[in-house]
Amino acid sequence: MSCSRRDFLKNTFKTTLASALPLSAFRMLSPAEVKAYTGDSSIRWVFLVDTKKCVGCGLCVKACKLENEVPYDPPVTRTWVERYVLMKNGQAHIDSAFGGRDGFTESKIGENEIPTDQIAKGFFVPKLCNQCMKPACVQVCPVGATYQTLDGVVLVDRKWCIGCGYCIMACPYGMRFFHPVYKVAEKCTFCYHRITKGLKTACVQACPFGARRIGNLKDPNDPVTKVIMDERVAVLKDEYGTKPQVYYIGLDTNVR
Amino acid sequence: MAVEHIVTQGAEHLFVHGLDWTTKELFTYPNEFIYWSIQIVMYPYMTGLVAGAFVLSSLYHVFGQQDLKTIARFSLVFSLALLPVAMMPLQYHLQQPFRGMNVMFTPHFTSAIAAFGIVFSTYAVIVLSEIWFVYRTYFVDQVHALKGKDGAKNRFMYILYLILTLGAFDTSYEAVVKDKKAVKILAGIGIPVACFLHGYAGFIFGSVKANALWMSPLMPVIFIMSAVVSGIALCMLTYIIIMEFKKWSAIIAKGKGDESVQVIAGAELDVITKTSRYLLGFLVAAISLELLDLIFRGYTAMKSWDILRTVMYGKDFINIFVLQYTLGNLVPFIMLLLPGITIRRVFFALIFVLFGVFMMRWNVVIGGQAFSLSFAGYMHYHLPIIPHNLETYKEGLFGALTVAATPFVLFWFINKVTPSLEYK
């Protein structure tokens, strides 16, 4: 073959130049980037949980499981309620059997019978995805199958998720799990299919005590936004820097 | 209703990932299970072996460590055999294994895993081309030797070698010198890439800020050091086994009256002792870093230390301090340092070293999930032994053994084409 090294390099250089120009018209987009254009940028969905109103009935968990087709009996759930019983000696008893789906009717916590005269305080804390501003789960997804919409909700593309579980590991709140039927990462979506149509989330609608509320942080007249702006609210585990967007009223230092 | 439909339809194959092998204690979040199980222990272990084997061969090719000459060629070919196996545990682990390729299609570069495809392919190209340059002359020799020979096997091997030469038949002195130069350059590039390949496996864990045990900037460095330790140990071990096997089969053949057989020396103690010096060096580095990490965690005693302490000094004490540090590190360290070293003692020390590195991976991956994100409860991992469905095979003992056995099977095949133990 009569191709000297000089010719080879020359031709390689030419080809690269010639192909670079038309190719630069294209841009590589990950599915996450494409999907992220869903949503309304004039909205920022946030959640407000008033722990003082929660009685631990578990209707929210039930409603969520039914609405979002999360199999009813397997012990995984998009939202759950935790029960905290703090003793006078400082000991904390925490439980959330079946995510609190069936309500907290047993006075036993785990194996422990709780002596009522020793209880200092007790309360319930509902948990759901914090739809963080800087979601760790989105950051670590290797294929971009999980993404944040313009209105702030983190969703999973069930057709693209490879099921590596990195997002499950990355979430400081333990929100994510593998869907027992679809075998991909699953999480609370604030019932995105409902809120984008003007409906409330299933859990908000099911809560008889108004302990759960959803709102738009970008709307100053939204009652939820007003509470977040005017009153003293807290978020869970802010030390991870994910900027969670589920705000709590009446949070206790013992809440995990 | 759709929901009832899905529940009844899927009832028999409803499988909550992790439920089969996780038991919980005290308070854990409902969705918490040991999601990353045995295959994720195997993954850094296998990539570690690849990286280590390659670094060992490069010590000879780049730094001209003549004492490693015999083992260098072998460990290079062995690292090729290990290469596909680094990916196997990930495939076994994925819930959607057929979508594994998506990582190459749409790499999401803020994720530490996304670069895997690229780093891994780069590394594969380097290993393959280095082997090609090392064996090119041999391929040409084989083509000349097999030319015109009869028999299906000879024809097949002839065509195979013909393809492998890639049309480069020049074996003049200048060409061979160029080959050697290329090998040196490739091995030189290969070292940082091998370290990166593995260091970044450490980064995958070290960067998970939600996990109190994993999150540490030392993690990648610890992973590299222990990778090199395990890689060198496995190469030495396999070398000893193969050479001793050859020796004994020669002796037995001679004993049966086959006078044409020449008794060979077996594993050379000289090669082994010199290689074990490098092993000890990396072992010291690995242990120092791990202890530094442990001491630092205890001293700074952040919020997570309370639960980490109960896991490390309580629940996982045997795994960490007895099996990993004592049996896996201290015992082989003493065995390799004591005077009057023999092949047999090195052999057992190497097994302990390999076991120690495996336990380190285990204690990182499983230990990192032994406590709840709530810091108020624990999870225990029960390795599925007898599989009762695909999941418990894939993420059970037999899945792990399949992964562990594959490199040796692959090596057997590859070594038929590029003999790494006879050809000088």
Side-chain angles (χ1 to χ4, degrees), chain A residues 28-32 65-78 80 82 92-100 110 127 136 138-145 160-166 168-178 180-181 183-185 237 239-242 256, chain B residues 1-4 6-7 9-11 13-19 25-33 35-36 40 90 93-103 105-117 204-205 207-211 214 303 368-369 372-377:
Chain A
M28 286 288 283
L29 284 178
S30 72
K65 282 208 154 192
L66 294 173
E67 173 67 28
N68 294 298
E69 299 188 351
V70 177
Y72 198 69
D73 283 323
V76 285
T77 177
R78 287 180 172 203
W80 67 88
E82 292 165 5
H93 294 287
I94 319 167
D95 75 336
S96 182
F98 285 99
K127 295 262 181 94
V138 172
Q139 183 188 26
V140 302
C141 178
V143 294
W160 202 252
C161 171
I162 60 174
C164 66
Y166 205 12
I168 300 176
M169 289 293 138
C171 175
Y173 305 97
M175 284 298 151
R176 289 179 169 238
F177 56 96
F178 281 125
V181 177
K183 312 273 180 208
V184 290
K237 300 188 183 183
E239 68 269 25
Y240 290 102
T242 58
R256 306 296 179 143
Chain B
M1 227 171 108
V3 182
E4 279 154 14
I6 211 171
V7 171
Q9 278 282 300
H13 61 263
L14 272 188
F15 182 85
V16 177
H17 186 80
L19 188 64
E25 190 187 335
L26 300 174
F27 176 67
T28 60
Y29 296 131
N31 298 334
E32 278 188 295
F33 295 99
Y35 285 103
W36 281 6
I40 303 296
L90 291 181
H93 161 75
L94 289 187
Q95 289 290 289
Q96 299 284 349
F98 294 114
R99 296 187 193 164
M101 273 309 280
N102 290 9
V103 182
F105 296 150
T106 59
H108 185 240
F109 285 116
T110 57
S111 166
I113 300 183
F116 179 80
I204 289 177
F205 294 97
S207 65
V208 177
K209 60 183 168 189
N211 193 302
W214 293 348
K303 191 179 174 184
Q369 297 168 84
S372 164
L373 292 169
S374 66
F375 296 157

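Every heavy atom of this structure was used, including side-chain atoms; hydrogens, water molecules and symmetry mates were not. Just so we're on the same page: letters track the sequence lines, and every chain starts at 1.
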Holding to side-chain contact (heavy atoms from CB on, under 4.5 Å), I want the full list of residues that pass it with A:Asp95, two or more places apart in sequence or in another chain.
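If we apply the side-chain contact (heavy atoms from CB on, under 4.5 Å) test to A:Asp95, skipping adjacent residues, the hits are A:Arg83, A:Phe104, A:Ile109.
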Under 4.5 Å heavy-atom distance to chain A, tell me which part of B:Ser207 shows up: side chain, backbone, both or neither.
side chain
Considering only NZ, NE, NH1 and NH2 on the basic side and carboxylate oxygens on the acidic side, decide whether B:Lys303 and A:Glu239 come within less than 4.0 Å.
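So B:Lys303 pairs with A:Glu239 through a salt bridge.
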So which residue, [options], ends up with the most heavy-atom pairs under 4.5 Å with chain B?
options                      : result
A:Ala170, A:Cys141, A:Gly174 : A:Cys141
A:Lys237, A:Arg256, A:His93  : A:Arg256
A:Pro75, A:Ser96, A:Pro74    : A:Pro75

Part of A:Tyr173 within contact of chain B (heavy atom distance under 4.5 Å):
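For A:Tyr173, backbone heavy atoms alone lie under 4.5 Å from chain B.
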Give, as side chain, backbone, both or neither, the part of A:Ile168 having an atom under 4.5 angstrom from any heavy atom of chain B.
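Answer is side chain: those atoms of A:Ile168 sit under 4.5 Å from chain B.
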What orientation do B:Tyr29 and A:Trp80 show, parallel under 30°, tilted 30 to 60°, or perpendicular over 60°?
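Ring orientation of B:Tyr29 relative to A:Trp80: tilted.
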Whether B:Phe105 and A:Trp160 hold their rings parallel, tilted or perpendicular, with breakpoints at 30° and 60°:
tilted
A:Lys183 side chain reached by B:Phe15 side chain, heavy atoms, under 4.5 Å:
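In short, these two side chains touch, coming nearer than 4.5 Å.
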N/O donor-acceptor pair under 3.5 Å between B:His108 side chain and A:Val140 backbone:
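It does not hold such a pair.
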Please confirm whether the backbone N or O of A:Val76 pairs with a side-chain atom of A:Lys65, one donor and one acceptor, at under 3.5 Å?
yes
Name the member of [options] that forms the most heavy-atom pairs with chain A at distances under 4.5 Å.
options                             : value
B:Asn211, B:Leu94, B:Val208         : B:Leu94
B:Ile40, B:Leu19, B:Ile204, B:Leu26 : B:Ile204
B:Ile113, B:Asn102, B:Thr28         : B:Asn102

